[in-house]
Amino acid sequence: MDETVAEYIRRTVLKIPRDEIKTMLQKWGFLSETQLQTINFHQMKDNISQDVVQLCEENSASIKQAAVLDIIYNHSYPNKRIWSVYQMNKTEEETDFFDLTDFRKKFKRQLRSTLKNVTINFREYENNAIWIRIAWGTPYTKPNQYKTSYVVYHSQTPYAFISPSVLKSNLPLLCQALVVASNYQDIHEMELRGHSLNSLEDMVFKRYSQNFETYCPRPLQESTVARETGLRIVQENINEKERILRVNREAFGDGPQPKLEFAEYKLETMFTSDPKLEVLDKKEPFRCMVRFHSPHLLESLKSLAPAGMADAPLSPLLTCIPHKARNYFKIREKKGFFPGSFVSP
């Protein structure tokens with residue numbers, strides 16, 4: 001077994017939590033159950049990794065087997081990467097029959113027609129999800145197994161989720177291979193990115209809860225304070241709280257929200273002033289950017305109004321994130337309208 005393959009397997013094993021190493025190696029299937037029984041999974045991870053490498057040497061592991069282990073790890077921990085959503089388009093409306101073998105051949109042929117030194121591996125999972133791992137080289141160097149790109153393509157859909165390599169120059173080659181292999185005409189990046197692959201898929205495929213019509217607000221418990229003298233005020237507070245809950249429910253639904261870590265808004269508008277003042281010699285647009293960060297942004301936004309930290313309803317620019325399946329927005333002035341009216345394309 002090549003030393004670079006041995007080192008790559010060792011590092012991959014070290015990334016896996018110790019309690020899950022055995023399970024992941026069983027999913028890998030490269031080592032027999034008898035070989036796995038010889039490993040002490042309660043020892044230090046470094047020792048476990050060395051034992052795994054030794055068994056892989058006995059089985060003459062290649063970079064192909066090492067890449068499959070890496071795919072299994074990334075499938076188990078997709079949140080370790082950042083994913084961007086891409087949508088493909090075609091002129092014909094009819095759906096082509098999808099053949100995985102044909103897809104693999106076309107993808108490899110297209111990619112290797114422009115770059116010979118590249119490692120490509122596939123693995124099929126549930127929900128017609130095809131995981132593709134690409135390690136990039138150059139015309140003069142071997143593929144770098146530590147700077148990989150990942151694609152999760154759902155067959156029979158126009159959507160692909162791409163986690164690019166740090167080598168950004170290879171992204172157009174990857175997109176072109178994906179378009180050719182899946183029989184589409186072109187591809188473009190949607191304004192949707194994040195770490196939670198499952199949540200991105202939920203938004204794109206509309207799998208999150210939107211059961212607005214089933215909502216029936218339950219009366220809140222009346223406060224014991226001022227029962228006799230402040231009944232009207234208390235009732236107004238109850239009505240307002242019920243209104244906030246109803247409006248919030250209409251905006252976010254009643255189920256858990258897809259997980260996003262950020263949303264970005266870029267504003268571009270003209271600075272207006274009295275022409276007589278001659279404040280601006282050049283009509284340059286005013287630009288600024290607002291970026292929201294949270295471990296779970298949509299749940300945080302959902303909790304603002306009920307907590308009294310924001311008025312209900314929230315701005316549509318915030319509540320539309322899951323419906324429009326995007327978390328990057330550009331806000332511009334409407335042409336022909338008065339200053340202060342904006343549109344987000």
Side-chain angles (χ1 to χ4, degrees), residues 71 73-89 124-132 149-164 178 187-215 244-266 289-307 309-331 344-345:
I71 293 177
Y73 170 79
N74 279 277
H75 178 264
S76 300
Y77 300 98
N79 294 5
K80 299 288 185 180
R81 308 181 70 96
I82 188 163
W83 302 87
S84 298
V85 185
Y86 286 75
Q87 184 176 14
M88 295 178 284
N89 302 296
E124 191 174 12
Y125 283 96
E126 64 278 359
N127 299 324
N128 298 319
I130 302 163
W131 280 64
I132 312 170
S149 298
Y150 267 87
V151 180
V152 179
Y153 171 57
H154 289 259
S155 60
Q156 306 297 336
T157 79
Y159 298 105
F161 303 82
I162 298 179
S163 179
L178 192 58
I187 187 171
H188 69 275
E189 183 179 2
M190 298 174 62
E191 300 293 335
L192 181 62
R193 290 164 229 157
H195 286 280
S196 178
L197 177 62
N198 291 337
S199 291
L200 297 179
E201 292 173 341
D202 288 345
M203 282 188 280
V204 168
F205 298 126
K206 306 298 182 185
R207 295 193 301 222
Y208 57 91
S209 174
Q210 299 185 82
N211 298 324
F212 306 148
E213 68 279 0
T214 61
Y215 175 59
I244 291 173
L245 292 176
R246 174 178 54 80
V247 171
N248 216 48
R249 181 70 168 267
E250 291 172 355
F252 293 100
D254 60 350
Q257 298 298 300
K259 187 175 182 180
L260 286 175
E261 300 83 16
F262 54 85
E264 184 176 294
Y265 299 83
K266 290 184 178 180
M289 183 184 76
V290 177
R291 191 177 177 95
F292 294 89
H293 278 277
S294 172
H296 203 323
L297 179 63
L298 293 177
E299 286 291 350
S300 298
L301 294 175
K302 183 179 178 180
S303 66
L304 287 177
M309 300 177 68
D311 293 332
L314 295 179
S315 166
L317 287 172
L318 297 174
T319 58
C320 76
I321 291 174
H323 312 300
K324 289 192 174 182
R326 61 188 297 183
N327 58 347
Y328 283 80
F329 297 85
K330 291 181 180 178
I331 307 170
S344 175

Is the count of non-hydrogen atoms from other residues, nucleotides or ligands lying under 6.0 Å from M309 atom CE greater than 12? no
Around atom CG of D311, are there more than 12 heavy atoms from other residues, nucleotides or ligands closer than 6.0 Å? no
Within the 4.5 Å heavy-atom criterion, are [X] and [Y] side-chain neighbours or not?
{"X": "F292", "Y": "L260", "answer": "no"}
{"X": "P313", "Y": "T319", "answer": "no"}
{"X": "L178", "Y": "Y86", "answer": "no"}
{"X": "P78", "Y": "F161", "answer": "no"}

Please find the pair of heavy atoms, one from [X] and one from [Y], that lie closest to each other, and give the distance.
{"X": "S149", "Y": "P164", "value": "OG-C, 3.8 Å"}
{"X": "A160", "Y": "V151", "value": "CB-CG1, 4.3 Å"}
{"X": "Q257", "Y": "P322", "value": "OE1-CG, 4.4 Å"}
{"X": "F252", "Y": "L298", "value": "CE2-O, 4.1 Å"}

Please answer whether the main-chain N or O of I82 pairs with a side-chain N or O of S163 as donor and acceptor at a distance below 3.5 Å. yes
Under 3.5 Å, is there a donor-acceptor pair between the side chain of Y125 and the main chain of H75? no
Which atom pairs, one a donor and one an acceptor, fall under 3.5 Å between side chains of residues 191-204 and the rest of the protein, sequence neighbours left out?
unit_1 : atom_1 : unit_2 : atom_2 : d
R193   : NE     : E189   : OE2    : 3.0
R193   : NH1    : Y328   : OH     : 3.2
H195   : ND1    : N79    : O      : 3.4
H195   : ND1    : R81    : O      : 3.0
S196   : OG     : S199   : N      : 3.4
S196   : OG     : S199   : OG     : 3.1
S199   : OG     : K259   : N      : 2.6
E201   : OE2    : H154   : NE2    : 2.9
D202   : OD1    : R207   : NE     : 3.1
D202   : OD1    : R207   : NH2    : 3.3

Classify the ring geometry between F262 and H293 as parallel (under 30°), tilted (30 to 60°) or perpendicular (over 60°). tilted
Give the ring-plane orientation class for W83 versus Y150, where under 30° counts as parallel, over 60° as perpendicular and anything between as tilted. perpendicular
Which value, rounded to the nearest 0.5 Å, describes the distance between [X] atom [atom1] and [Y] atom [atom2]?
{"X": "N327", "Y": "Y265", "atom1": "CG", "atom2": "OH", "result": "8.5 Å"}
{"X": "L297", "Y": "E261", "atom1": "CG", "atom2": "CD", "result": "9.0 Å"}
{"X": "S76", "Y": "N74", "atom1": "OG", "atom2": "CG", "result": "9.0 Å"}
{"X": "I331", "Y": "L317", "atom1": "CD1", "atom2": "CG", "result": "4.5 Å"}
{"X": "I162", "Y": "I132", "atom1": "CD1", "atom2": "CD1", "result": "8.5 Å"}

Which pairs pass salt bridge (charged side-chain N to carboxylate O under 4.0 Å, His left out) with one or both residues in residues 289-304, sequence neighbours excluded? E264-R291
